[in-house]
Amino acid sequence: MTVQPIRLFGDPVLRSPADPVVDFDKELRQLIEDLTETMHEQSGAGLAAPQIGVGLRVFAFEVEDVVGHLVNPVLEFPDEEDQEGPEGCLSIPGLYFDTKRRQNVVAKGLNSYGDPVQLVGSGLLARCVQHETDHLDGVLFVDRLDRDARKEAMKAIRAADWYDTAHPPVVKVSPHSTRGILG
């Protein structure tokens, strides 16, 4: 296992939709190990492959003693219940903003060997799964903020000592949102 550098806000890989995984081989399992090790090293709840510069639809997670990974996830929402709470991102270090997400999620995908898996989560686990799946679509959590909160977030990002002025910000809307940008 190898800890990988995290790509930061402004890196184009974070804004590019990831490609579906088609090869369930040793390299994929190594990628999942690297994601998990890097996530643990950075004390994150989840980490998507684009965050370490790999444009594939896979992420690792660890929330409330539930540890795992999901390849080629597809999300379903069993109800309309929402949650709102602080959300951060390893690619936007040190900044947290209240973000609206669905309270409950059913994530269907594959494991590292290509076998079908289903993950049912609520609360923080549901938030994590939605956040990481957004990464696979080139969407960051700040894109989900209402207009005023997004302006505040962008101001804080531009003021951060890690921010790279050579990569101007881009805002996208998650295709998984049933209402566009939440607000």
Side-chain angles (χ1 to χ4, degrees), residues 1-78 87-93 99 101-102 104-144 162 164 167 170 172-178:
M1 293 184 282
T2 306
V3 173
Q4 300 292 324
I6 303 280
R7 302 294 180 98
L8 298 178
F9 183 92
D11 189 312
V13 73
L14 297 174
R15 293 307 195 168
S16 301
D19 294 326
V21 172
V22 294
D23 295 320
F24 293 83
D25 54 14
K26 181 180 172 184
E27 286 78 18
L28 175 63
R29 288 184 283 285
Q30 181 63 54
L31 171 61
I32 292 167
E33 287 182 24
D34 290 351
L35 284 168
T36 303
E37 182 71 19
T38 304
M39 175 185 68
H40 287 143
E41 177 71 21
Q42 297 296 320
S43 300
L47 188 65
Q51 291 180 273
I52 61 170
V54 178
L56 291 175
R57 294 187 69 80
V58 58
F59 67 82
F61 63 91
E62 181 172 0
V63 177
E64 301 167 345
D65 297 326
V66 179
V67 182
H69 65 274
L70 202 52
V71 179
N72 298 338
V74 175
L75 304 186
E76 297 174 3
F77 302 101
E87 193 164 321
C89 180
L90 294 174
S91 294
I92 306 175
T99 307
R101 296 277 186 185
R102 288 293 182 86
N104 302 296
V105 68
V106 176
K108 296 179 180 180
L110 305 168
N111 68 15
S112 64
Y113 293 94
D115 299 321
V117 294
Q118 179 173 292
L119 175 66
V120 177
S122 62
L124 188 57
L125 182 56
R127 178 179 295 280
C128 177
V129 168
Q130 291 170 77
H131 178 107
E132 300 309 329
T133 302
D134 272 354
H135 272 300
L136 305 180
D137 296 323
V139 175
L140 300 174
F141 84 98
V142 295
D143 302 335
R144 292 187 161 275
W162 52 261
D164 182 359
H167 296 98
V170 176
K172 296 183 96 172
V173 176
S174 171
H176 297 289
S177 172
T178 58

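Just so you know, these numbers use all the heavy atoms, side chains as well, and skip hydrogens, waters and symmetry mates. Here the structure is a predicted model, which is why all the values come from computation and not from measurement.
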Under a 4.5 Å cut-off applied to non-hydrogen side-chain atoms, are [X] and [Y] in contact?
X      : Y      : answer
Ile6   : Gln42  : yes
Leu70  : Val117 : yes
Val21  : Leu110 : no
Phe141 : His135 : no
Trp162 : Ile92  : yes
Leu140 : Asp143 : yes

Applied to residues 41-54, the salt bridge (Lys or Arg N to Asp or Glu O under 4.0 Å) test, sequence neighbours excluded, yields none
query: Does the side chain of Ser91 come under 3.5 Å of the side chain of Gln51 through a donor N or O and an acceptor N or O?
result: yes
Review point. Would Asp34 and Gln30 count as having a side-chain donor-acceptor pair, cut-off 3.5 Å?
Key: yes
Interatomic spacing from [atom1] in [X] to [atom2] in [Y] - rounded to 0.5 Å:
X     : Y      : atom1 : atom2 : answer
Leu31 : Phe59  : CG    : CZ    : 13.0 Å
Asn72 : Lys108 : CG    : NZ    : 15.0 Å
Arg7  : Arg15  : CZ    : CZ    : 15.0 Å
Leu35 : Glu37  : CG    : CD    : 11.0 Å
Glu76 : Arg102 : CD    : CZ    : 12.0 Å
Arg57 : Leu136 : CZ    : CG    : 5.0 Å

Which atom pair, heavy atoms only, marks the closest approach of [X] to [Y]?
X      : Y      : value
Gly46  : Leu90  : O-CD1, 4.0 Å
Pro50  : Leu14  : O-CD2, 3.8 Å
Ala126 : Gly121 : CB-O, 3.6 Å
Ser122 : Asn104 : CB-OD1, 3.0 Å

Residue set satisfying side-chain hydrogen bond (donor to acceptor under 3.5 Å, both in side chains) with Glu87, at least two apart, ordered chain then number -> Arg101, Arg127, His131
The residue among Thr36, Leu47, Leu119 that forms side-chain contact (heavy atoms from CB on, under 4.5 Å) with Phe61 is Leu119
